[in-house]
K.L.:
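Okay, here's the structure, questions in a sec.
A, B, ... follow the sequence lines: proteins, then strands. Residue 1 opens every chain. Note that the structure is a prediction, hence the values are computed from the model and not measured.
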Number of protein chains: 2
Amino acid sequence: MSDVPPVAPRNGLPPRSRNNDVIERIKTYILDKQLRPGDLLPTENELIAAIGASRTSIREAIKSLSALDIVEVRHGHGSYVGRMSMNALVESLAFRGLLSTGTDGKVMTDLVNIRQMLEQGLSPLMIETLNDVELANLRELAVRMRRLAMEGQPYVEEDRAFHIRLMNAIGNDLVTQLTEAFWQVQARVAPTLKVEEADWLRTAEAHEAIVDAIGAKDVDSLREAFATHYDPIRRTIAALFADQTPGSAE
Amino acid sequence: MSDVPPVAPRNGLPPRSRNNDVIERIKTYILDKQLRPGDLLPTENELIAAIGASRTSIREAIKSLSALDIVEVRHGHGSYVGRMSMNALVESLAFRGLLSTGTDGKVMTDLVNIRQMLEQGLSPLMIETLNDVELANLRELAVRMRRLAMEGQPYVEEDRAFHIRLMNAIGNDLVTQLTEAFWQVQARVAPTLKVEEADWLRTAEAHEAIVDAIGAKDVDSLREAFATHYDPIRRTIAALFADQTPGSAE
DNA sequence: GTATATTTGTACGTATGTATC
DNA sequence: GGATACATACGTACAAATATA
């Protein structure tokens, strides 16, 4: 320790924000030390001594950083450098989506549209990079979805896995995580959105169409398949918010 | 007040996390009351009385929510419902980008690629929705960029405004905010990335090409223009992070 | 298995900074 | 300026979780 820069004397000078000060100092500590996610951070007492702030301030700063997944705190263990996941985005967006339930619900339709646009935008890359093995995996998922749909059962996890795998093949970690995040937001705001029986089947078939289009290396029909895929979801979400359902048991 | 649900008796039961408890309670308070961004929240003392937690717990919970921009605290004023901006995403991603500086820097290249893919994916919509007035504004920005480039000056703000306006025309608020967020991350991690003189001019011309393609309603050349636009940025960022390996030419 | 040390979590009291009237 | 109602910061004490001996 003693590598955390102490708070500048600041003799009665503009107090500014003690908290932001501490946050900034912890951040620069991590950067200067070139720490990696999972690495151990100084204990609260060490930070108190090094930074020269009270325990309260240190803890509140860590709370902020923890919310952003920049640090991860384990009770009785210590604090570690966080994974910097998309968790903060999920929390923020999900709450925003829930809040918009009472009003327009535009956030969620915007979200679905982004998902579609992202996948349409990545269509050429998908065709270029997806190999036969991955394509076979995707097809297996799509077939399983159709089977479940015909049995009248939902297939949440398969759907999620399909889109994650699709993005994963691109090799852009950020876009995979974004996709995952958007999915989680959608799942949290519209949990098990009550899809019509017919839509389950339609969506399952849309997934097969996606696989087909990639296999045929046909960009246009792939883009079309994505649009078809998101159509029922868009409709369901629109209905969900137009309904203004009061029952929020859970 | 007294509308904030008090902490359940929880008679000696697993205390779980007091903090998450408080966080959840504040969230449900906002949702139940159907509050909108900017609305006033109960004071700390009121929350203490209503929830039955200590000031410390309340404050730490608010700190977390504040980091996610779910609540906004104004010193001496009170706490308000936050704007739920993309601020949390920016903070988290920016720090992640900074951390990756020492290693691969892949986060930033992924980020630039996402920006390109998003705009390429939205190309058809842009052509469809952008009217002459907005197109004229964009052209004005592009021309100003080229002028500045020829004078050897950078044009950070014009570039940002260009892309925000472009997305804004789509009508998808989320995608606009995502674009803005990505921009901010890029600006913070690679501040005024030292672009070559030639690249400034090339990028400015790429913006003009984008405007031209939209005006001509030519989707393919619009997508091509976006690729051309991001090429120098990709190269610059790659160079920025690969300063250890001077062997990689172009 | 128990005890103990370490570390984070919660609580409370008090003083100070900040904005409104 | 004064009074009031806030959030902010500090210090201390104790509880809870975890690891180690």
K.L.:
Out of D/dA19, D/dC10, C/dT8, which nucleotide sits closest to the side chain of A/Glu44?
P.N.:
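Within the option list, the nearest is C/dT8.
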K.L.:
Checking contacts here: which listed nucleotide (C/dT10, D/dA7, D/dG11) is nearest the side-chain heavy atoms of B/Asn19?
P.N.:
C/dT10
K.L.:
Rounded to whole Å, how long is the line connecting atom CG of B/Asp21 with atom C1' of C/dT10?
P.N.:
13 Å
K.L.:
State, to 0.1 Å, how close B/Ala94 and B/Val189 come at their nearest heavy-atom pair, and which atoms those are.
P.N.:
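For B/Ala94 and B/Val189, the tightest heavy-atom pair comes out as O-CG2, 3.4 Å.
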K.L.:
Mapping B/Ile58 and B/Gly76 to their closest nucleotides on DNA chain C, which lands nearer the 5' end?
P.N.:
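This one resolves to B/Ile58.
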K.L.:
Choosing from D/dG11, C/dT10, D/dA7, which nucleotide comes nearest the side chain of B/Glu60?
P.N.:
C/dT10
K.L.:
A/Thr56 has a side chain; which of D/dT8, D/dG11, C/dT8 sits nearest to it?
P.N.:
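Closest nucleotide to the A/Thr56 side chain: D/dG11.
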K.L.:
Mind checking whether B/Thr179 and B/Leu166 have side chains closer than 4.5 Å, heavy atoms only?
P.N.:
no
K.L.:
Distance criterion of 3.5 Å, no angle test: do you see the side chain of B/His75 paired donor-to-acceptor with the base of C/dG17?
P.N.:
yes
K.L.:
Could you state the atom-to-atom distance from NZ of A/Lys63 to C1' of C/dT10 in whole Å?
P.N.:
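The answer, rounded to whole Å, is 11 Å.
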K.L.:
Between A/Arg188 and A/Glu91 (salt bridge meaning N to carboxylate O under 4.0 Å), is one present in this structure?
P.N.:
yes
K.L.:
Does the structure show a Watson-Crick or G-U wobble partner for C/dC12, both distances under 3.5 Å? Name it, or say none.
P.N.:
D/dG11
K.L.:
Calculate the interatomic distance between B/Ile48 atom CD1 and C/dT10 atom P; express it in whole Å.
P.N.:
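Nearest whole value for this atom pair: 14 Å.
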K.L.:
Could you give the NE2-to-P distance, from B/His77 to C/dC21, as a whole number of Å?
P.N.:
8 Å
K.L.:
Which nucleotide in the list C/dT7, C/dT10, D/dA7 gets nearest to the side chain of A/Thr43?
P.N.:
C/dT7
K.L.:
Just how far, in rounded Å, is P of C/dC12 from CG of B/Leu47?
P.N.:
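In whole Å, C/dC12 P lies 15 Å from B/Leu47 CG.
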K.L.:
With a cut-off of less than 4.0 Å, is there a side-chain N or O of A/Arg59 near OP1 or OP2 of C/dG9?
P.N.:
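Checking C/dG9 against A/Arg59, a side-chain N or O does come within under 4.0 Å of OP1 or OP2.
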K.L.:
With a non-hydrogen cut-off below 4.0 angstrom, is A/Asn45 in contact with a base, only sugar-phosphate, or nothing?
P.N.:
nothing
K.L.:
Is it possible for you to check whether A/Arg115 lies under 6.0 Å from the centre of the six-membered ring of A/Tyr230, through NZ or CZ, and within 45° of that ring's axis?
P.N.:
no
K.L.:
OP1 or OP2 of D/dC10 less than 4.0 angstrom from a side-chain nitrogen or oxygen of A/Ser57, does that happen here?
P.N.:
yes
K.L.:
Quickly work out the A/Leu40 CG to C/dT6 P distance and round it to whole Å.
P.N.:
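The answer, rounded to whole Å, is 15 Å.
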K.L.:
Tell me if the side-chain of A/Arg55 makes a donor-acceptor pair with the base of C/dG9, cut-off 3.5 Å, by modelled atom types.
P.N.:
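A donor-acceptor contact between them is present.
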K.L.:
Nearest-Å distance, CD (A/Glu46) to C1' (C/dT8)?
P.N.:
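So the CD-C1' distance, A/Glu46 to C/dT8, works out to 13 Å.
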K.L.:
Hey, does the Lys NZ or Arg CZ of A/Arg144 hover above the aromatic six-ring of A/Tyr155, less than 6.0 Å from the centre and inside 45° of the axis?
P.N.:
no
K.L.:
From the list C/dA11, D/dA7, C/dG9, which nucleotide is the closest neighbour of the side chain of A/Val73?
P.N.:
C/dG9
